[in-house]
Amino acid sequence: MAPSGRTCILRHHDGRLEEVDLSHAAIARLDSSEQLAWLDYTDPDADDLADLAKRVDLHELALEDLRKRRQRTKLDSYRGQKVIVAYEVTDGADARPDFTLGEMHLIAGNDYLVTVHWGPSPAIDEVRDRWRQQPDAVATSQGGLLYALLDTVADGYFPLLDRLSERIDELQDRIVSGERDANESALRNVLDVKRELLELRRVVAPLRDVANALLRRDVAAIDDALVPYYQDLYDHLVRVLDTIDLYREMLAAALDANLSMTSNNLNVVVKRLTAFTVILMVPTLIAGIYGMNFDVMPELEWPFGYAFALALMACSMLAAYLFFRARDWF
């Protein structure tokens, strides 16, 4: 059995798959093997990386990327091999309820493909299972196996986008509801989703460029028969990016709607306060007039002066209220 975390599958010319130990003579040096070999390293340590570098004559820069990790999505071309860094969607964690991103390095040679990843990889597990069941349908060459992995990674973005779409719809409903507590919570969630979309776009956009470089044959990695498949991969990634941009615009529109609703609510409050102020100013004005200390005033000796002043205040307040009510300020 192969050591834990290291597996190898050989595809012979007759289509038969064989899972062998890494010490097998057929994979002593992969670039001289007549079979198509797929080596997978999970959570490699320093000894694993040294073993890998020796087997495939890995370039020192590619080895340095494996040691440091946290690389950007890219395609590096070295003599006799291509190195692709990609990120796949894995299960969510407590810190990020929607998704986490798993880093994956793919090293492609003439007759071999090496995958290096840290932690579980749904894409690699799925392609491995499919290849075991239908070797010819999944891949008969290094380019076909590389396409199967990248296409599975790209397809993994769509269920995530569906979940994000549901969250965005829910957030929009909560914002439109106008409830204060719901709005404050929804705004925090909107900013979280925007940050997640930005992180997702940061890894998908370069992967689209990688697919485009492979498709345009900027690097010699695929043959003519695989061009339609890589065109399909490129189209999938373009769809993912378009969907991400659409969701970001939807979130921006939700924020604008929230700001508009807040501004409208503030205007309503200001109008009501203005109306109350005017209504209270009318009796204050009347009381101020009759409170002036002049000896000669027509109503000072009038027996009904007090009642008249109160009635005048009440009528003035009622008139002001009806005026503002007619203009929908209440």
Residues R128 and T7: closest non-hydrogen pair is NH2-OG1, 3.8 Å
| W118 versus R69: any side-chain heavy-atom pair under 4.5 Å? | yes
So do V85 and L106 actually touch side chain to side chain, heavy atoms under 4.5 Å?
-> no
Side-chain touch I84/H105, heavy atoms, less than 4.5 angstrom = no
*Is K54 salt-bridged to D51, cutoff N-O under 4.0 Å?*
no
query: Less than 4.0 Å between a side-chain N and a carboxylate O, is that true for E18 and R11?
result: no
So salt bridge (charged side-chain N to carboxylate O under 4.0 Å, His left out) across residues 239-267, not counting sequence neighbours, yields R201-D245
For L273, the hydrophobic cluster (side chain heavy atoms closer than 4.5 Å, chained through members) also holds V269
In the structure I gave you, are the side-chain heavy atoms of L241 and R208 within less than 4.5 Å of one another anywhere?
yes
(Q) Is there a path of hydrophobic side-chain contacts, each under 4.5 Å between heavy atoms, that joins F158 and L237? (A) yes
Apart from V270 itself, members of its ILVMFWY cluster (side-chain separation under 4.5 Å) are L266
Open item on the list: Assess the residue pair D129 and Q133 against the criterion (side-chain hydrogen bond (donor to acceptor under 3.5 Å, both in side chains)); give the C-alpha distance rounded to whole Å, side-chain angles, the decisive distance to 0.1 Å, and a yes or no.
Closed with: CA-CA 6 Å; D129 292 340; Q133 296 171 8; over 6 Å; no
SB check D169 R167 (cutoff 4.0 Å): no
Beyond-backbone contact of R202 with L198, side-chain heavy atoms, under 4.5 angstrom:
no
Is there side-chain contact between D48 and R6, with at least one heavy-atom pair below 4.5 Å?
yes
Taking L280 as the starting point, is it possible to reach F323 by hopping between hydrophobic residues whose side chains are less than 4.5 Å apart? no
Contacts satisfying ring pair (Phe, Tyr, Trp, His ring centres under 6.0 Å) that involve residues 251-285 (not counting sequence neighbours) are F276-F330
For this session: Would you confirm whether the ring centroid of W302 sits within less than 6.0 angstrom of the ring centroid of F308?
Result: yes
Quick note, ring pair (Phe, Tyr, Trp, His ring centres under 6.0 Å) partners involving residues 62-90, not counting sequence neighbours, are H59-Y78
- Query: Does K68 pair with E64 as a salt bridge, N-O distance under 4.0 Å?
  - Reply: yes
With C8 as partner, the option from D40, V114, L39 fulfilling side-chain contact (heavy atoms from CB on, under 4.5 Å) is L39
Taken in chain and number order and not counting sequence neighbours, the residues that satisfy salt bridge (Lys or Arg N to Asp or Glu O under 4.0 Å) with D45 are none
Residues Y157 and E88: side-chain donor-acceptor under 3.5 angstrom: no
Worksheet item: Taking atom CZ of R132 as the centre, does the number of heavy atoms from other residues, nucleotides or ligands within less than 6.0 Å exceed 12?
Response: yes
